Amino acid sequence: MEGDILRYTTRVVSKYWKLAAAALLSVSLAAPVWAGTASAEAPAQQTSTAQTSTTELQAQGAAAGPVADRGLKYLVSEYETRTPSKYTAGSWKPFAKALRSADAVADDTSATKPEVAEAKTALMNAAGDLQAADEGTFQTITNNTFWNDTSGNPIYSQGGGVFKFGDTYYWYGVHYLGAESYRANPTRKYDGEVSFRSIPVYSSKDLVNWKFENRVATRSTPIQNGATLGQAGWVGRLGISYNENTGKYVLAVQAYVGGGHGVLLLQGDSPTDTFDYGYFQTQITNSPTTGTGDQTVFTDDDGKDYLIFSNREGRSRGFVAKFRESDSLRIEPGVEIRRGDGREGNAMFKLDGKYYHAASDLHGWNTSVNYVNESTSSNVQGSYSSEYVFAGTEMDYSHVTQTGFFVTVKGTKQNTVIYAGDRWADFAWNGIGYNQWVPITKTGARPQFHSVSQWQFNVTTGEWRVGPANNYILNPDIQADRIIVSSVRGWRNLGGSVTNVNGGVNGSRFALQVSNSGGVEQRIASVPAGNYTLGLHARGSAGQVVITDANGSQRTLNIPSSSGWAKRELTGIQLPSGAATVTVRASGSGGVVVDQLSLVKTSPDTPPPPGRYEAETAPAQCRGTIDSNQAGYSGSGFCNGDNAVGAFAEFTVNSETARTATLGIRFANGATTGARPANLVVNGSTAGALSFESTGAWTTWTTKTVTVSLNAGSNTIRLDPTTATGLPNVDYLDVG
Ligand code: GCU
Ligand code: CA
């Protein structure tokens, strides 16, 4: 086999470049096939043909060789449209070889019939052996929950980083005492529980399922001057640099130990080794102070590592520093890339060729927007733009976090950066050791932060999507502001009095209070079309929550007054795709207090069965209100007619022909006064009298059938109550 390939090498080479040149000219065809073949197959050939001029290539293209076998030629042209990314590299390689070999045979006027037949068979066999590429699988990341490792034990990893060695991601961070306390009792404040336990390392192939590997350092890890890491006043903000010269993994840890602030460098022989003391560097040249304000390790595309940090006092300067090339055991002089307001949580990511330095406000471990400086050259230590607010971090202070670190994933379909946020703000009872990860993409000129509470990620393709249980409301637990404010993050004041108050539901710290007939609203930029449930907990005076969809249609959830917390829910909200606005209003001067708001998609947007006309959907008319407070209805609500004669419900239905049709009217009658009679009026004429008997409860729905004559085209079907009790609640009309 190999011999056959070599025999045709010369011809293959010219043919290959002819096609490659053609592919460059015609964007649509086959470029990936040959691009893939070149990289996987023939580096030597690439070199030898690199000298061929473009003119020469075009001349070769014009003078195509005679067709030895039309069948083989056809087969080759068919297979040339296949793209390597769709197949595994292992199965693509022999296929690409067979294809090039067959192509050469087809072009060879001296090829014998057996040679043609052999090439054809070989090509067909290789095509049959092609294996579809791994499309990966979507794994779910759920924020605002405690994460466990693959053994079911808590993941304790704070302020660290994720590093990829080979095909495996390793996650390093700090396990603090407070993270344990917070897990055990999340509704308490934990002051001063940042005492160091260990630096665990977890491994994963998909960035979602993490296997505990080891504690690379513990309280008993020996450090400088005969001390141990347990004696350090602070251990945090760490990252790994792999050193090519020593083959060692060097952990750079922000530390305060023995009265000195600095970067503690520990080293191990493997990513999961027990690490040993390397060096404690107090001063990084060019930084005005010892130690670092905050720091992370950023690994560039070329494998080079940099320490990203701010100066410790004031934190007004941002630096990018190299690790010493010989052993990574020193931090080289810092190159200042920003100066201005104090920033911390300094971290770096690269997306589509640009470097982005992101950092938080100095909110004392608390949440804030992220600020970005982007590179204006191709050098990570070069110049950067002035600072701007990271889009998507404004409404809920970066999903109620401080910048932690970033992970860049290069998928087969797209590159996605993961923002790993730290929610360890003790001051707001947001807990210690609480990881919140969200995706970052770049669609326009700037990166976009997607504040999702649940999402699904495919590490193979790099694709992500919003998770089925995602809460579309931002800052739903009123946690983003760490202090009492009169304008709550993510919620726009509409008048009256607005504030966050102490004492949220389920022992949480804060809730949102609206009083003096006031209101707040949150505009959700985009929801997918579907059926939604709006939920919240409320106490205090009466109020209401209104959801307005992209078309301006509204649904209202009335909140009765309640001394204690009560859960309120509005189900079956049919939302078109686009923006949606949630408004919370106080009914009077008293304050309505709300917490744990949620807007969650409950089902895909399933089309109604043919012939079903919902009473809440135009052109249907309801003289009364469209309600959704009696469970069991279909669609997004039902017609609650006024209790009066003349309060009708009307449907407009279409019939292709004049015919007799069976109607099904779904209703509920929970009235204690018995049946609610009504006339059935078809196209303005009374067609019969119906008795809508009691169904026993307003939530018990039943369907009454009746036969009517329909005209061809549009027909109106109206239910006209004949007594002052009005109609039952009417859900829909089925036209059989
Ligand atoms: C109750 C019930 C309504 C119903 C009304 C009525 O108020 O909640 O859904 O329409 O009675 O008697 O008509
Ligand atoms: Ca009614």
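What you are looking at is a predicted structure, and each value in this text was computed from that prediction instead of being measured. We're numbering straight along the sequence, starting at 1. Numbering of ligands and ligand atoms starts at 1, following listing order.
- Checked by distance only, ligand 1 and Thr725 stay at 3.5 Å or farther apart across all their nitrogen or oxygen atoms.
- Aromatic ring centres of Tyr419 and Phe449 lie closer together than 6.0 Å.
- Stacking of Arg465 on the aromatic ring of Phe138 is recorded, both the 6.0 Å distance cut-off and the 45° axial limit being met.
- Proximity of the aromatic rings of Phe390 and Tyr371 is defined here by a centroid distance below 6.0 angstrom, and this criterion is not met.
- For ligand 1, the atoms closer than 4.0 angstrom to any heavy atom of Asn729 are 3 (C), 4 (C), 9 (O), 10 (O).
- The closest approach between Asn640 and ligand 1 falls below 4.0 Å for a heavy atom of the residue.
- Between Arg676 and ligand 1, an N or O atom pair is found at a separation short of 3.5 Å.
- The aromatic ring centres of Phe651 and Tyr613 sit 6.0 Å or more apart.
- Only side-chain heavy atoms of Asn643 come within less than 4.0 Å of ligand 1; its backbone N, CA, C and O stay farther off.
- Aromatic pair Phe638/Tyr732: centroids not less than 6.0 angstrom apart.
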